Amino acid sequence: MVRRGLQDHVAGRVVSRVEVMHPRAIRRHLPGTVDFGGRVAGHELVAARRRGKYLWVDLSSGEAVLAHLGMSGQMLVQPPGTPDEKHLRVRLTFADDGPELRFVDQRTFGGLSVEPVVTVDGVPLPAPIAHIARDPMDPAFDRTAAIAALRRRRTEVKRALLDQTLVSGIGNIYADEALWHARLHWARPTDTLTPRKTGELLDAATAVMNAALDVGGTSFDALYVNINGQSGYFDRSLNAYGQEGLPCPRCGRAIQREPFMNRSSFSCPRCQPRPTTS
DNA sequence: TAATGGTCCTGTTTGC
DNA sequence: TGCAAACAGGACCATT
């Protein structure tokens with residue numbers, strides 16, 4: 001959705017000015033703020049692209065502006081003169097004096113950088129994400145290869161699911177939902193999963209991502225290049241994530257919360273029994 | 001305070 | 001046997 005918004009609202013436009021309000025938002029751009037501005041200003045934003053959780057916009061210079069929204073990042077398209085958002089980090093102004101592009105991020109876990117473009121398997125990608133796997137929405141996504149990659153990892157299934165070098169785009173929330181659909185506990189070792197079951201899990205993750213995109217789509221405003229999928233989707237469509245103590249929509253047993261990698265995993269103790277060995 | 005998501009860094013294992 | 005690459009796991013970031 002964000003990619004689509006960028007494509008519709010800023011592709012084909014020439015950047016006239018770059019303002020970085022918070023240096024942390026540009027921390028991945030190692031040459032610094034001045035260099036960042038110099039590589040973006042004066043160039044046309046050619047096309048918006050996405051892989052997994054990364055977004056980028058090709059520049060007419062041949063480089064690309066790479067973005068990660070982190071937990072709280074937003075891309076907004078606002079008319080010039082609109083009051084600055086509290087957490088406005090970067091503003092791009094255009095030569096046509098039309099709407100500005102604003103990167104707003106409360107926690108600044110996300111950020112922007114200008115990167116060279118490299119070719120991987122015939123596909124142009126910003127260099128830092130050359131190792132990121134295709135996401136399930138990618139037309140060239142190889143489901144069989146992804147299943148094999150997930151099963152090859154010697155770890156817990158949720159860790160494999162979150163590994164962006166195996167399949168990209170799946171985060172903590174989508175992982176919990178996919179595991180719930182596939183009736184798998186997050187700590188299940190990957191080497192106990194059949195290809196069929198792994199495929200079921202992967203398909204569930206894909207369905208959750210598509211559902212989130214659909215909901216994000218309905219909240220799309222002409223001026224807003226989306227607000228990260230959070231809107232109505234969180235409250236309405238989640239079966240396990242964040243539902244501690246609430247009944248499992250499938251069997252009625254209370255959803256449990258367990259610590260996982262300095263955060264949480266939510267699951268149904270009945271539908272998703274913990275594996276017997278640890 | 002403890003909780004949040006996604007790297008990203010570091011120590012370990014594997015493979016040539 | 002030695003080295004580099006791949007792997008696995010946990011720390012860390014800012015904010016409320």
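Quick note on labels: first sequence line is chain A, next is B, and so on, each numbered from 1. No experiment lies behind these values; they were computed from the predicted model shown.
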(message) Using whole Å, what does the distance between atom P of nucleotide B/dC8 and atom CG of A/Leu162 come to?
(response) 15 Å

(request) Classify the side chain of A/Arg107 versus the base of C/dT16 as yes if they form a donor-acceptor pair under 3.5 Å and no if they do not. (result) no

(message) Any carboxylate oxygen within less than 4.0 angstrom of a Lys/Arg side-chain nitrogen, looking at A/Glu258 and A/Arg274?
(response) yes

(request) Considering just the side-chain nitrogens and oxygens of A/Thr108, establish if one lies under 4.0 Å of OP1 or OP2 belonging to C/dT15. (result) no

(request) Determine, for A/Glu156 against A/Arg188, whether the closest basic-nitrogen to carboxylate-oxygen distance falls under 4.0 angstrom. (result) no

(message) Whole angstroms only, please: what is the CG-P distance between A/Leu161 and B/dT7?
(response) 13 Å

(request) Report yes or no: is the cationic atom of A/Arg250 (NZ for Lys, CZ for Arg) under 6.0 Å from the centre of the six-membered ring of A/Trp180, at an angle within 45° of the ring normal? (result) yes

(message) Ignoring hydrogens and geometry beyond distance, is a side-chain donor-acceptor pair present between A/His181 and A/Gln272 at under 3.5 Å?
(response) no

(request) List in numerical order all residues of residues 262-269 of chain A for which some heavy atom is under 4.0 Å away from an atom belonging to DNA chain C. (result) A/Asn262, A/Arg263

(message) Salt bridge check, A/Asp142 against A/Arg134: does any charged N sit closer than 4.0 Å to a carboxylate O?
(response) no

(message) Once you apply a heavy-atom cut-off of 4.0 Å, does A/Arg257 come out as touching a base, just sugar-phosphate, or nothing?
(response) sugar-phosphate

(message) Let's see if you can work this out: which of C/dT15, C/dC7, B/dT7 has an atom nearest to the side-chain heavy atoms of A/Arg153?
(response) C/dC7

(message) Does anything in residues 110-138 of chain A come within less than 4.0 Å of DNA chain C? Heavy atoms only, and list the residues if so.
(response) none

(message) For the CG atom on A/Asp121, are there more than 12 heavy atoms of other groups (residues, nucleotides or ligands in this structure) within a distance under 6.0 Å?
(response) no

(request) Taking the side chain as every heavy atom from C-beta outward, state whether A/His185 and A/Lys158 have any pair of such atoms under 4.5 Å apart. (result) no

(request) Using whole Å, report how far CG of A/Asp191 lies from C1' of C/dA8. (result) 14 Å

(message) Looking only at the side chain of A/Tyr54 (C-beta and beyond, no hydrogens), which of the listed nucleotides B/dT4, B/dT7, C/dT16 gets closest?
(response) B/dT7

(request) Return the value, rounded to whole Å, for the distance between atom CD of A/Gln164 and atom P of B/dG6. (result) 8 Å

(request) Side-chain contact test, heavy atoms from C-beta onward, threshold under 4.5 Å: evaluate it for A/Thr165 versus A/His131 and give yes or no. (result) yes

(message) Looking at A/Asp191 and A/Arg151, is any side-chain nitrogen of the basic one under 4.0 Å from a carboxylate oxygen of the acidic one?
(response) no

(message) From CZ of A/Phe109 over to P of C/dT15, roughly how many Å is that when rounded to an integer?
(response) 9 Å

(request) With the side chain of A/Arg89 defined as its heavy atoms from C-beta on, choose the nearest nucleotide among C/dT15, C/dA14, B/dT7. (result) C/dT15

(request) Calculate the interatomic distance between A/Phe260 atom CZ and B/dT7 atom P; express it in whole Å. (result) 14 Å

(request) Identify which nucleotide among C/dA14, C/dT16, C/dA8 has an atom closest to any side-chain atom of A/Arg154, counting heavy atoms from C-beta outward. (result) C/dA8

(message) Need one value for A/Arg28: base, sugar-phosphate or nothing, where a base atom within 4.0 Å counts as base even if backbone is also close, heavy atoms only.
(response) sugar-phosphate

(message) Among B/dC8, C/dT16, C/dG10, which nucleotide has an atom closest to any side-chain atom of A/Arg159?
(response) C/dG10

(request) Using a 4.5 Å cut-off on heavy atoms from C-beta on, say whether the side chain of A/Arg89 contacts that of A/Val20. (result) no

